Colleague: 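Got a structure here, written out as structure tokens. Questions coming.
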Amino acid sequence: MKHSLSRRGFTLMEVNLAIFIMAVGVLGMVALYPLGFRESRHARDDVYEAAVADGILNPLVAALSDCASNITWSAWKDIAGNNENRPIFPDQGWLAYCDTQTYTPKTKAQINSQTRTVISRIGEAYKGSGNPASDARSILDNSGMVAALVISSGELPTLDGTGGTYSGYHVDRSRLVLCLRLARHANQLFEQPAFYTEVHYQGDPGIQTAGGN
């Protein structure tokens, strides 16, 4: 006796459907690669920005923290400017880093030049040896980043709630606030979070330190 076996293969429709399903899956994975690369790049940039910010701010904080012997009270007060209402340096704050016509960031060279001026303000007030401010400038120059730095005096609430340009506050000159923004490109500067620290005057304002009044 002969037995006939019925063998049935895949139809062309089934093959095409399988290829289509596989293609959708593969294309979906391929589409994730650019997103993964972008997030990875952003993560590296975030770590690098934090490291550069730390490298710039730490020497400046070190210089300001040594104020009891190397920065006089009068020099300390002048670091953030002499505007009694709201001392800040540079005078326009963040606007000093922008084109005042378009309110867009200036060029990388212009921004970094202004930041060096701000760093120099601390360096000029510091009278000790081995000025830490020069280390901050060196890190900025070698980082390849765009950096904008603003220094301002702190503010304290007034007892009667009426003092100061901003109602209820007055200038606290014993405290300096340093705020730094970093980016790879100038047009991204104000899209980045700001790094912030503050330093208190460590000497006695009533006692004039050596080297000044």
Side-chain angles (χ1 to χ4, degrees), residues 37-65 67 71 76-83 85-126 131-155 165-166 169 171-201:
F37 285 134
R38 186 180 65 185
E39 293 303 316
S40 176
R41 186 179 67 251
H42 285 175
R44 289 196 303 270
D45 286 347
D46 288 344
V47 172
Y48 184 63
E49 287 170 12
V52 173
D54 190 61
I56 292 174
L57 291 177
N58 273 352
L60 299 179
V61 170
L64 294 170
S65 298
C67 57
I71 298 181
W76 171 278
K77 290 191 299 180
D78 287 342
I79 287 174
N82 292 310
N83 182 344
N85 291 325
R86 190 172 172 81
I88 191 168
F89 189 79
D91 296 336
Q92 295 176 290
W94 296 119
L95 284 178
Y97 299 97
C98 295
D99 184 326
T100 54
Q101 300 297 320
T102 61
Y103 293 100
T104 57
K106 294 180 179 179
T107 66
K108 177 179 180 179
Q110 291 172 321
I111 292 171
N112 283 352
S113 176
Q114 179 66 74
T115 299
R116 292 187 197 99
T117 301
V118 179
I119 293 173
S120 295
R121 176 66 70 96
I122 295 176
E124 290 165 0
Y126 185 85
N131 197 327
S134 61
D135 296 334
R137 175 167 177 163
S138 177
I139 290 170
L140 169 62
D141 292 342
N142 293 323
S143 68
M145 303 288 284
V146 183
L149 176 64
V150 170
I151 301 177
S152 61
S153 290
E155 293 180 342
T165 302
Y166 290 80
Y169 289 83
V171 172
D172 174 18
R173 285 192 177 275
S174 69
R175 185 161 54 99
L176 288 178
V177 179
L178 283 67
C179 198
L180 177 70
R181 291 182 183 273
L182 291 163
R184 289 281 185 183
H185 306 286
N187 60 358
Q188 299 173 346
L189 184 63
F190 295 104
E191 299 173 5
Q192 305 302 317
F195 297 90
Y196 163 93
T197 188
E198 62 179 53
V199 189
H200 288 262
Y201 188 74

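When a residue number appears, it is its place in the shown sequence, counting from 1. From a predicted model like this one, the values you see are computed outputs, not experimental measurements.
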Colleague: Side chains of Leu60 and Pro132, heavy atoms from C-beta outward: is any pair under 4.5 Å?
Modeller: no
Colleague: Measuring from Ile151:CD1 to Ile88:CD1, what's the distance to the nearest 0.5 Å?
Modeller: 10.0 Å
Colleague: Does the Asn142 side chain pair with the main chain of Ser138, one donor and one acceptor, at a distance under 3.5 Å?
Modeller: yes
Colleague: Leu176 and Ser153: which non-hydrogen atoms are nearest, and at how many Å?
Modeller: CD2-OG, 4.2 Å
Colleague: Can you give me every donor-acceptor pair (side chain of residues 185-192, partner residue at least two apart or in another chain, under 3.5 Å) with its distance?
Modeller:
none

Colleague: Is a side-chain donor or acceptor of Thr107 paired with a backbone partner of Gln110 at a separation under 3.5 angstrom?
Modeller: yes
Colleague: Would you list the pairs meeting salt bridge (charged side-chain N to carboxylate O under 4.0 Å, His left out) in which at least one residue belongs to residues 175-187, sequence neighbours left out?
Modeller: Asp45-Arg184, Asp172-Arg175, Arg175-Glu198
Colleague: Please report the interatomic distance CE(Met145) to OH(Tyr48), rounded to the nearest 0.5 Å.
Modeller: 6.5 Å
Colleague: Can you tell me how far the CG atom of Leu180 sits from the CD atom of Glu49, to the nearest 0.5 Å?
Modeller: 10.0 Å
Colleague: If you look only at pairs with a residue in residues 100-120, which of them pass as a salt bridge (charged side-chain N to carboxylate O under 4.0 Å, His left out), with sequence neighbours excluded?
Modeller: Arg116-Asp141
Colleague: Over all heavy atoms of both residues, which pair between Ile139 and Gly55 is shortest? Give the atoms and the distance, please.
Modeller: CD1-O, 2.9 Å
Colleague: What distance do Thr115 atom OG1 and Ile56 atom CD1 have between them, rounded to the nearest 0.5 Å?
Modeller: 7.5 Å
Colleague: Might you work through the side-chain contact (heavy atoms from CB on, under 4.5 Å) test for Ile71 and Leu64, ending with a clear yes or no?
Modeller: CA-CA 7 Å; Ile71 298 181; Leu64 294 170; 4.1 Å; yes
Colleague: Could you work out, with side chain to side chain donor-acceptor pair (under 3.5 Å) as the rule, every residue matching Ser113, not counting sequence neighbours?
Modeller: none
Colleague: Please enumerate all residues that pass salt bridge (charged side-chain N to carboxylate O under 4.0 Å, His left out) together with Arg121, with sequence neighbours excluded.
Modeller: none
Colleague: Quick one: closest heavy-atom pair of Ala147 and Ile111, and the distance?
Modeller: O-CG2, 3.2 Å
Colleague: State whether the side chain of Ser143 and the backbone N or O of Val52 hold a donor-acceptor pair below 3.5 Å, judged by distance alone.
Modeller: no
Colleague: Donor-acceptor pairs under 3.5 Å, side chain of residues 89-100 to any protein atom, not counting sequence neighbours: which ones?
Modeller:
| residue | atom | partner | partner atom | Å |
| --- | --- | --- | --- | --- |
| Tyr97 | OH | Leu149 | N | 3.1 |
| Tyr97 | OH | Leu149 | O | 2.5 |
| Asp99 | OD1 | Gln101 | N | 2.8 |

Colleague: At their closest point, which heavy atom of Arg137 faces which heavy atom of Ser120, and how far apart are they?
Modeller: NH1-OG, 4.1 Å
Colleague: Just verifying a value: how many Å separate Leu182 CG and Phe195 CZ, rounded to the nearest 0.5 Å?
Modeller: 6.0 Å
Colleague: Supply the atom-to-atom distance Ser65 OG to His200 NE2, rounded to the nearest 0.5 angstrom.
Modeller: 10.5 Å
